[in-house]
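Here is how names work: the chains are called A, B, and so on, in the same order as the sequence lines, proteins then strands, and each is numbered from 1.
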2 protein chains.
Amino acid sequence: MPSRSSASETHQLPRQRRTYAIGELARMFQITPRTIRFYEQEGLLAPERRGQTRIYQDKDRVRLKLTLRGKRLGFSLAEIRDVVMMYDAMPDGNARQLKRLLEILADKRANLERQLEDIRLMHRELDDVESQARDVLANLEPTTVER
Amino acid sequence: MPSRSSASETHQLPRQRRTYAIGELARMFQITPRTIRFYEQEGLLAPERRGQTRIYQDKDRVRLKLTLRGKRLGFSLAEIRDVVMMYDAMPDGNARQLKRLLEILADKRANLERQLEDIRLMHRELDDVESQARDVLANLEPTTVER
DNA sequence: CAAGCACTTTACGTTAACGTAACCTTGGAC
DNA sequence: GTCCAAGGTTACGTTAACGTAAAGTGCTTG
């Protein structure tokens, strides 16, 4: 029984609290434990265990954060895993692997550029649609007070 | 038999060629006809028919372009359809509908903002990973000429 | 007129990313 | 001790977005 849970547990500095339970992480990121377990099964996370129970460190939390960000950008879990695993294997990776990694990174980067352009274009579209909608709306209720 | 297919058919100005066959569109956007038919089935396209055959106009092509752009940004076909359909229904849409449309647009816009931030962050991550990879690579082959 | 494309419909198959249900285990709170 | 909330495993279900195969239609080209 570690005596680490003293009275100082209430002030929530994210310093000392190095470890997280699966439920905590789930709440932090608005996802379900099932999702986190699934990511582990897919090789994106590899938390320690205390008995059966998973113990997550800060690095695991960061990894999860990066994973979710990648997902929001439309990358598949497999793509994300590839980059993450190669990143971890970097120190003792061979030259071929590293060059492969650089290729993948260039690829992702190009993808991001396309998305930036897409966002710009989409933004204009939305502007157009919105202003048109406002026009129609104004003509529909020239004096109506919305009641 | 319309006599429109004269000798001037070879110069490929995208002006006169108002209509497209499904295969043409598919090649233009690097997708399969099946995908285009699926989008129609999902209510994203409604091409004319000449007999059984689908005839696509320029507006259909634009719609398809917007759809694919939306997809690259991670929107579901259902989301895209909602916006597109409301956009088409705008002229005679009632006030409630239009306001709903404005809400959806604001939502998409917020989504785009998040993605922009995600892209910025991801960009930095990629920078980091890349420079680290280059470092390791440099140390691996200090004088090796790559043969 | 037979061949060969390009198009059509119908329908079942597939993959990714989880959801959900059933059942078991465990550490505290009372 | 008992209860229960939070954790675990196993396994089947689900949804979106197409892929793929089978079988028919239609035009135009040798």
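Between B:Arg49 and C:dT9 there is a side-chain N or O to OP1 or OP2 distance below 4.0 Å. Taking only side-chain nitrogens and oxygens, A:Arg54 never comes nearer than 4.0 Å to OP1 or OP2 of D:dG7.
Using a cut-off of 4.0 Å between Lys/Arg side-chain N and Asp/Glu carboxylate O, B:Asp58 and B:Arg61 are scored as salt-bridged. Between A:Arg81 and A:Asp88, none of the side-chain N atoms (NZ, or NE/NH1/NH2) sits under 4.0 Å from a carboxylate O, so this pair counts as no salt bridge.
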Might you list the N or O atoms of the protein lying below 3.5 Å from N or O atoms in nucleotides 16-20 of chain C, with each pair's distance?
{"unit_1": "C:dA17", "atom_1": "OP1", "unit_2": "A:Leu77", "atom_2": "N", "d": "3.1"}
{"unit_1": "C:dC18", "atom_1": "OP2", "unit_2": "A:Tyr39", "atom_2": "OH", "d": "2.6"}
{"unit_1": "C:dC18", "atom_1": "OP2", "unit_2": "A:Lys71", "atom_2": "NZ", "d": "3.1"}
{"unit_1": "C:dG19", "atom_1": "OP2", "unit_2": "A:Thr32", "atom_2": "OG1", "d": "2.8"}
{"unit_1": "C:dG19", "atom_1": "OP2", "unit_2": "A:Thr35", "atom_2": "OG1", "d": "3.4"}
{"unit_1": "C:dG19", "atom_1": "N7", "unit_2": "A:Arg34", "atom_2": "NE", "d": "3.1"}
{"unit_1": "C:dG19", "atom_1": "O6", "unit_2": "A:Arg34", "atom_2": "NH2", "d": "2.8"}
{"unit_1": "C:dT20", "atom_1": "O4", "unit_2": "A:Arg34", "atom_2": "NE", "d": "3.4"}

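With rounding to whole Å, B:Leu25 atom CG is found 11 Å from C:dT8 atom P. Between the OH atom of A:Tyr56 and the C1' atom of D:dA6 there is a distance of 13 Å, rounded to whole Å. The CD1 atom of A:Ile36 sits 14 Å away from the C1' atom of D:dG8 (whole-angstrom rounding). Atom P of nucleotide D:dG7 and atom CD of A:Glu40 are separated by 14 Å, given to the nearest angstrom. Atoms CD (B:Gln41) and P (C:dC12) sit 14 Å apart, rounded to a whole Å. Between B:Ile55 atom CD1 and D:dG26 atom P there is a gap of 14 Å when expressed in whole angstrom units. Distance, A:Gln52 CD to C:dC24 C1': 9 Å, rounded to whole Å. The interatomic distance linking B:Arg37 (CZ) with D:dA21 (C1') rounds to 13 Å, in whole Å.
Residue A:Arg100 qualifies as open at atom CZ: its count of foreign heavy atoms under 6.0 Å is 12 or below. In A:Tyr87, the OH atom is not crowded: 12 or fewer heavy atoms of neighbouring residues, nucleotides or ligands sit closer than 6.0 Å.
Between A:Met90 and A:Leu98, the shortest heavy-atom contact is CG-CD2, 3.5 Å.
Among residues two or more places apart in sequence or in another chain, the side-chain contact (heavy atoms from CB on, under 4.5 Å) test is passed with B:Arg134 by A:Leu102, B:Glu130.
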